[in-house]
Amino acid sequence: SVARRAVAGIAQHDKVPRPVGFVPPPPPPCPGKIRHFKI
Amino acid sequence: VPAAPPAPLGCDDPESEAAAEVAVDYINSHSHHGYKFTLNTIDNIRVLPQGPNKEIIFLELDLLETTCHILSPTPLANCTVRSFTDHAVEGDCDVKLQKVKGQLSVLASKCHSHADSSEDIRQLCPDCPLLVTLNDTEVLATVTESLNVYNGKSTGAYLKLLEIGRAKMQYHPAHVVSVEFAVAATNCSAAEANVEACHLLPDDQSDFGFCTATKVIRPSQDLQVNCQLYGHQVPTPDTPLLSRVFWPTSTT
């Protein structure tokens with residue numbers, strides 16, 4: 001029953017209303033990845 | 001409805017990486033001194049459409065010095081990036097390219113390099129040797145002595161100094177000078193006495209090399225020299241033979 005409640009908890013959390021058409025912001029295009037190390 | 005403008009290129013997009021690769025190849029093949037540089041980060045990219053199948057691309061690149069001298073035939077992919085504790089050197093480059101029918105070419109590039117700050121290295125490695133200026137008297141003395149010792153023991157061609165690539169100094173726990181320098185074979189054998197008459201081999205026979213030397217000044221006096229000749233490299237049309245760069249016709 002705990003597992004069920006936990007799932008229910010997540011289900012409840014997941015019902016947080018999001019604005020219509022919400023699109024997570026894309027990762028910033030630049031600067032790009034660091035291939036070695038940053039001085 | 002007009003087509004939406006294409007989304008701006010990301011710095012890690014394949015097109016950006018392809019442009020950066022062309023830019024780094026151009027920078028290394030048009031550099032005449034020092035070491036090869038490799039790509040560390042694409043800091044920014046801007047694309048300006050110039051009509052059908054033509055774009056101008058502006059790249060801001062962050063490069064890192066490798067341990068390969070610019071004369072080394074070693075492919076860049078096999079060149080080790082100079083480590084942080086070996087006193088790394090960073091290059092910042094702005095490059096303008098054009099892309100015509102998918103073909104990339106460099107129109108202009110401007111770079112400047114700078115060594116990492118000594119404080120950064122001291123924090124991580126208090127006793128690491130640090131870069132010193134190339135005209136430091138102990139550096140010049142170590143290079144001269146190293147080349148004399150090498151030529152004195154060599155059974156091959158007499159080697160002349162092309163340029164000092166880098167020099168580091170350590171003061172604790174011992175006083176040690178480490179130098180790296182580029183050399184070129186001359187038309188004399190090392191055994192020959194009159195070295196003043198020696199001159200670089202003509203372009204079609206040129207043979208460059210690279211030497212590293214470490215001289216312990218205190219507590220003992222010890223000198224280790226190691227030189228490696230690359231063998232004759234066939235000059236390619238877009239990379240001027242460096243002997244003309246290092247030793248212009250009016251030899252001074």
Side-chain angles (χ1 to χ4, degrees), chain A, chain B residues 6-21 23-24 37-47 57-67 76-77 79-93 112-121 123-124 131:
Chain A
S1 62
V2 170
R4 256 201 312 283
R5 229 191 329 275
V7 167
I10 289 172
Q12 287 306 324
H13 170 70
D14 205 25
K15 283 185 178 159
V16 173
R18 287 189 174 181
V20 175
F22 174 77
V23 175
C30 290
K33 65 192 174 199
I34 297 173
R35 290 163 178 78
H36 302 285
F37 53 84
K38 203 65 184 158
I39 280 190
Chain B
L9 266 185
C11 280
D12 290 333
D13 288 355
E15 299 90 327
S16 309
E17 301 212 343
E21 185 176 346
V24 171
F37 277 78
T38 190
L39 180 64
N40 189 31
T41 306
I42 300 174
D43 284 337
N44 197 14
I45 183 168
R46 282 185 304 122
V47 180
I57 300 172
F58 293 95
L59 274 177
E60 291 173 32
L61 302 177
D62 173 41
L63 310 182
L64 283 175
E65 184 181 87
T66 69
T67 56
L76 182 61
C79 292
T80 307
V81 173
R82 195 173 299 284
S83 70
F84 179 85
T85 52
D86 186 17
H87 211 149
V89 175
E90 181 184 64
D92 293 315
C93 293
H112 78 273
S113 63
H114 58 94
D116 193 3
S117 75
S118 305
E119 295 71 29
D120 279 359
I121 295 160
Q123 270 181 6
L124 199 72
L131 286 175

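Here is the naming used below: chain letters follow the sequence lines, and residue numbers restart at 1 for every chain. Just so it is clear, the structure is predicted and the values come from calculations on it, not from any experiment. Below, all heavy atoms of this structure are taken into account, side chains as well, without hydrogens, waters or symmetry copies.
Rounding to the nearest 0.5 Å gives a distance of 7.0 Å between NE2 of A:His36 and CG of B:Leu39. The line from NZ of A:Lys38 to CG of B:Leu64 is 8.0 Å long, rounded to the nearest 0.5 Å.
Among B:Asp120, B:Val89, B:Leu9, B:Asp43, the residue making the largest number of heavy-atom pairs under 4.5 Å with chain A is B:Asp43.
For a residue to count as touching a neighbouring chain, one of its non-hydrogen atoms must lie under 4.5 Å from one of that chain's; by this rule B:Ser83 touches chain A with the backbone only. Only the side chain of B:Asp62 comes within less than 4.5 Å of a heavy atom in chain A; its backbone stays farther off. Contacts between B:Glu17 and chain A at a heavy-atom distance below 4.5 Å involve the side chain alone, from C-beta outward. With a 4.5 angstrom heavy-atom cutoff, B:Ile45 touches chain A via backbone and side-chain atoms both. With a 4.5 angstrom heavy-atom cutoff, B:Arg82 touches chain A only via backbone atoms.
Residue A:Cys30 forms a side chain to side chain contact (heavy atoms under 4.5 Å, CB included) with just one option from B:Ile42, B:Thr41, B:Asn44, and that option is B:Asn44.
Here the closest non-hydrogen pair linking B:Phe84 and A:Phe37 is N-CZ, 3.7 Å. B:Cys11 approaches A:Pro31 most closely through the heavy-atom pair CB-C, 4.1 Å.
In terms of modelled atom types and a separation under 3.5 Å, the side chain of B:Asp12 and the main chain of A:Lys33 share a donor-acceptor contact.
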